[in-house]
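Letters A, B, ... mirror the listed sequences (proteins, then strands); counts begin at 1. Worth knowing before you read on, the calculation uses all heavy atoms, side chains too, and leaves out hydrogens, waters and symmetry mates.
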Amino acid sequence: MSEKNKELAYIFSRIGDALELKGESSFRIIAYRKAARILEDLTEDIEVLAEKGKLREIPGVGEGIAKKIEEYLKTGKMKKYEEALSGIPEGLLELLEIQNLGARTIHLAYKELGVKDLQDLKRVIEDGSLAKLFGMGEKKVENIKKGIEIYEQAHERIPIYEALTIVEDVIEYLKNAPGISQISPAGSLRRMKETVGDIDILATGKNGREIIEFFTRYPNVDRVLASGKTKGSIMVKTEKGKKQVDLRIVEENSYGAALQYFTGSKAHNIRLRSMAKDKGLKISEYGVFRGEEKIAGTTEEDIYKILNLPWIPPEIREDRGEIESALKNQLPDLVNYHDIKGDLHVHSNYSDGHSTIEEIVEHAKLLGYEYIAICDHSQSVKYAHGLTEDRLKRQIEEIEKLNEKITGIKILKGIEVDILPDGKLDFSNELLKQLDYVVASIHIGFKKNVTERMLSALENPYVHTLAHPTGRLISKREGYDVNLDKVFEAALKNNKFLELNAYYDRLDLNEINLRKAKEMGIKITIGTDAHHIGGMRMMRFGVGIARRGWLEKKDVLNCLPYSELKKVLA
DNA sequence: GCCGTTTTCGGCCCGACTGTTTTCAGTCG
C-alpha cells in the first residue's frame with residue numbers, strides 16, 4: 001500500500017538473501033523473509049502502525065524487526081541492512097535465482113574464485129575452476145550450467161493467462177497418456193496468482209515412467225530437462241519464448257496429499273505441518289501419518305479434516321489469515337465464475353474494439369450472461385478512437401434498437417469516460433445522464449494530480465464506477481501516482497463501485513487492495529475490458545483474483561441479476 | 001529473529017534427489 005511498506009519488504013528480503021550467502025542461521029533468514037512477505041501483504045500503512053505503537057501486533061514482527069522498522073522510518077537507514085550487504089558484491093544476490101545453485105556454492109565460488117556476478121560465474125564454469133573446488137565436480141557444474149540457461153531464457157514470471165493456456169493444452173494432451181487417471185494443475189497456477197513462476201501438473205496413473213515418456217513427446221516440446229518415473233520436466237515452446245512445465249506422478253492414495261502439498265503456498269503448508277506436529281501427526285506429500293500409520297492422503301478434504309479444518313480454496317492458501325478463519329469456521333464463501341451475471345466493461349468497434357455490438361451481445365449470450373455493458377472510450381482518448389458526442393448518441397440509438405429486437409439479454413448503454421488532466425470528465429452531465437452505466441478512468445496524464453482527479457470523478461452523481469484504479473500494467477508499468485486510501489474513502493462515501501479489471505495484464509485492483517475494499521464495505525465490479533469477443537474470456541482471471549481477494553458473491557456488483565442491478569444503478 | 005495454556009529457552013515443515021562423499025551437504029519444491 002504505502003511506499004514505505006514496499007521499501008521495507010524489499011530491505012528485509014535482501015537481508016534474508018544476504019544472510020543466506022553469509023551462511024547465517026536458516027531460521028533467522030526465514031524470519032526476515034517472513035517479515036518481508038507480511039509487509040508486502042499488509043494493507044495498513046506501516047508508518048501509521050508505527051506511530052500507534054502497533055508494530056509488535058503484526059504476526060512475524062518481534063522486538064528485533066520492530067526496532068529495525070522504526071529505525072528505518074525515523075532515519076531512512078537501517079544499520080542491519082548495511083551490515084548484511086557489506087562485503088557482498090552487487091551482482092551476487094541475483095545468482096540465488098539460478099536453479100541448482102544455492103547460497104553455499106555461491107559463497108564458495110566467491111571466496112575461492114572471486115566470483116562477483118553472472119559473468120564471473122560463467123567464466124569459472126568455462127575454465128573448469130569451479131568444478132575443481134572442494135565438494136564440487138563435473139556433474140554439479142553441468143547442472144548449474146543448465147540452471148543458468150533456464151535463468152537467462154525463462155526466468156521471468158509467466159502471466160496467468162499464458163500459463164493457463166499452456167497448462168490446458170498440456171492436460172488435454174495428457175488425457176491420452178497410457179494408464180493416466182486423475183490430472184490437475186498445481187502450484188501457484190492452481191492458486192490463480194496473477195503471474196506464476198513455473199507450471200506444475202500433478203497426475204495419478206499405473207505406470208509413471210510410461211506417462212512421463214508420453215509427456216516428453218508433447219508436440220510443442222523444445223527440450224526435455226528430466227524424465228524419470230515420478231517426475232518429468234520439459235521446456236515448451238510458446239509465442240513468448242520457452243516455458244518450463246513439470247509433471248509429477250503419484251499413487252492414487254497420495255493424490256490428495258500431493259495436490260495439497262504441490263499447490264502450496266509454502267507459507268500455508270508450513271502452517272498446516274506445524275499444526276499437525278502439535279497434534280502428534282506428520283504431513284508430507286504422501287499423506288498424514290500418526291507414527292508409521294497413514295491416516296489420510298487420498299483427498300485434500302481429508303488432509304484438512306484431520307486438522308479440524310474445512311477444505312480451504314486454493315486461491316486463499318497464502319497464510320493471510322485463512323487458517324484462523326477456517327478454525328473459526330468463518331471462511332468466506334468465495335465468488336464463483338457461474339455467479340457472474342454479466343460483463344460490465346466491453347469495447348466495441350465504435351472505439352478501439354474489433355467486434356460489433358451485435359457480435360458482443362451474441363457472445364455474451366453464449367457465456368450465459370443476463371446483461372452486458374458497452375463502455376467505449378470517450379472523445380479525448382484519440383489513440384483509441386474515442387467516441388465524440390455524436391457517435392455516442394448514434395451508439396445509444398443502436399443499442400436501444402437492439403434491445404427491442406433481441407431477447408434473453410439486456411444491453412446497457414455505457415461509457416468509459418476519461419477523467420481529464422484538469423479533473424473534469426470528458427462528457428457533460430447532460431450526456432452522461434442518458435446512459436445506464438458510467439465508468440470513469442484515466443488514460444491521459446498518469447502523473448498529474450491523479451488522486452484529486454479521481455476524487456472529483458467520484459463526486460460526480462452520474463459516475464457509477466472507477467475503472468482500473470491503480471493503472472498498473474503487470475509486465476510494463478508501475479501505475480499512477482495515486483493515494484488509494486483517499487480514493488477508497490471517497491468511493492465509500494459516495495457509494496461508488498471500484499473495478500477489478502480482469503484483463504490479464506491489468507488485474508487491477510489487485511488481490512490485496514480488493515480485500516481491503518471489501519473490508520471497508522466497497523462493492524466491486526469485475527469487467528474484462530475486452531476489445532474483441534475473445535477477450536471476454538478474461539472474466540475467469542478476474543474471478544480468480546477476486547477469490548484471492550476473499551470476495552464473495554455479495555461483494556461483486558455484476559453477480560446481481562438484471563432486475564436488481566437496474567435498481568442499484570438508478 | 002520469532003514465539004509460547006506443555007516451553008522465556010529451545011524449538012522452528014518435510015522428503016527426494018544428486019553428487020560428492022566413506023556418512024553427508026546442498027538444492028529443490
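Ser26(A) comes within contact range of no nucleotide atom at all, as no heavy-atom separation falls under 4.0 Å. When heavy atoms are screened at a 4.0 angstrom cut-off, Arg28(A) is found touching base atoms of the nucleic acid. Counting any heavy atom pair closer than 4.0 Å across all strands shown, Ala276(A) reaches no nucleic acid atom. Counting non-hydrogen atoms under 4.0 angstrom, Leu108(A) reaches nothing in the nucleic acid. Residue Lys68(A) is in sugar-phosphate contact alone, with no base atom involved, counting any heavy-atom pair closer than 4.0 Å across all strands shown. Across all strands, Arg33(A) comes closer than 4.0 Å to no nucleic acid atom at all (heavy-atom distances).
For Asn143(A), a side-chain nitrogen or oxygen approaches OP1 or OP2 of dG19(B) to under 4.0 Å. Applying the 4.0 Å criterion to OP1 and OP2 of dC28(B), one finds that Lys231(A) has every side-chain N and O outside that range.
Considering only side-chain atoms of Gln99(A), the nucleotide from dG29(B), dG26(B), dG1(B) that sits closest is dG29(B). Out of dG1(B), dT20(B), dG29(B), the shortest distance to the side chain of Lys80(A) is found at dG1(B). In the set dG1(B), dG19(B), dT27(B), the nucleotide with an atom closest to the side chain of Ala31(A) is dG1(B). Considering only side-chain atoms of Tyr32(A), the nucleotide from dG29(B), dG26(B), dG1(B) that sits closest is dG1(B). You'll find that the side chain of Asn100(A) is closest to dC28(B), out of dG1(B), dC28(B), dG29(B).
Between the CG atom of Leu19(A) and the P atom of dG1(B) there is a distance of 8 Å, given to the nearest Å. For the pair Glu24(A) CD and dC2(B) C1', the computed distance is 14 Å after rounding to whole Å. The CG atom of Leu130(A) sits 14 Å away from the C1' atom of dG19(B) (whole-angstrom rounding). When the C1' atom of dG1(B) is taken as reference, atom CZ of Arg56(A) falls 11 Å away, rounded to whole Å. The distance between atom CD1 of Ile144(A) and atom P of dG19(B), rounded to the nearest whole Å, is 11 Å.
Between the side chains of Glu252(A) and Gln182(A), a donor-acceptor pair is found at a separation under 3.5 Å. In the model, Tyr10(A) has no side-chain atom that pairs as donor or acceptor with a side-chain atom of Glu40(A) under 3.5 Å. No side-chain donor from either of Ser227(A) and Glu213(A) sits under 3.5 Å from a side-chain acceptor of the other. Residues Gln244(A) and Asp246(A) bring a donor and an acceptor atom of their side chains to less than 3.5 Å of each other.
Summary of the strand contacts: Met136(A) and Val61(A) both lie near DNA chain B, and taking for each the nucleotide with the nearest heavy atom, the more 5' one is attributed to Val61(A).
For the P atoms, the distance from dC28(B) to dT23(B) is 25 Å, rounded to whole Å. Spacing between dC9(B) and dG15(B) at atom P, rounded to whole Å, works out to 31 Å. dG26(B) and dT21(B): their C1' atoms are spaced 12 Å apart (whole Å). Using P as the reference atom, dG1(B) and dT5(B) are 23 Å apart when rounded to the nearest Å. Remark: the separation of the C1' atoms in dC12(B) and dC17(B) is 24 Å, to the nearest Å. Atom P of dC3(B) sits at a distance of 13 Å from the matching atom of dC13(B), rounded to the whole Å. When the C1' atom is compared between dT22(B) and dG11(B), the two are found 32 Å apart, to the nearest whole Å.
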Given the rule in the side-chain hydrogen bond (donor to acceptor under 3.5 Å, both in side chains) test, do Ser181(A) and Lys206(A) qualify, once you have shown the distances and angles that lead to the verdict? CA-CA 8 Å; Ser181(A) 61; Lys206(A) 290 239 158 48; over 6 Å; no

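Note: Tyr161(A) and Phe541(A) have perpendicular aromatic rings, judged against thresholds of 30 and 60 degrees for the angle between ring planes.
When the options Arg191(A), Arg548(A), Arg547(A), Lys193(A) are evaluated for a side-chain hydrogen bond (donor to acceptor under 3.5 Å, both in side chains) with Glu315(A), the one that passes is Arg547(A).
Base pairing of dT8(B) is not made with any nucleotide, judged by Watson-Crick or G-U wobble geometry with both donor-acceptor distances under 3.5 Å.
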Taking N or O atoms only and anything under 3.5 Å, show me the protein contacts with nucleotides 13-17 of chain B, one pair per line.
| residue | atom | partner | partner atom | Å |
| --- | --- | --- | --- | --- |
| dC13(B) | O2 | Arg273(A) | NH1 | 2.6 |
| dC14(B) | OP2 | Lys277(A) | NZ | 3.4 |
| dC14(B) | O4' | Arg273(A) | NH1 | 2.6 |
| dG15(B) | OP1 | Lys282(A) | NZ | 2.7 |

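Nearest heavy atoms, Ile29(A) versus Glu24(A): CD1-O, 3.6 Å.
Using a 4.0 Å cut-off between charged nitrogen and carboxylate oxygen, Lys139(A) and Glu142(A) do not count as a salt-bridge pair.
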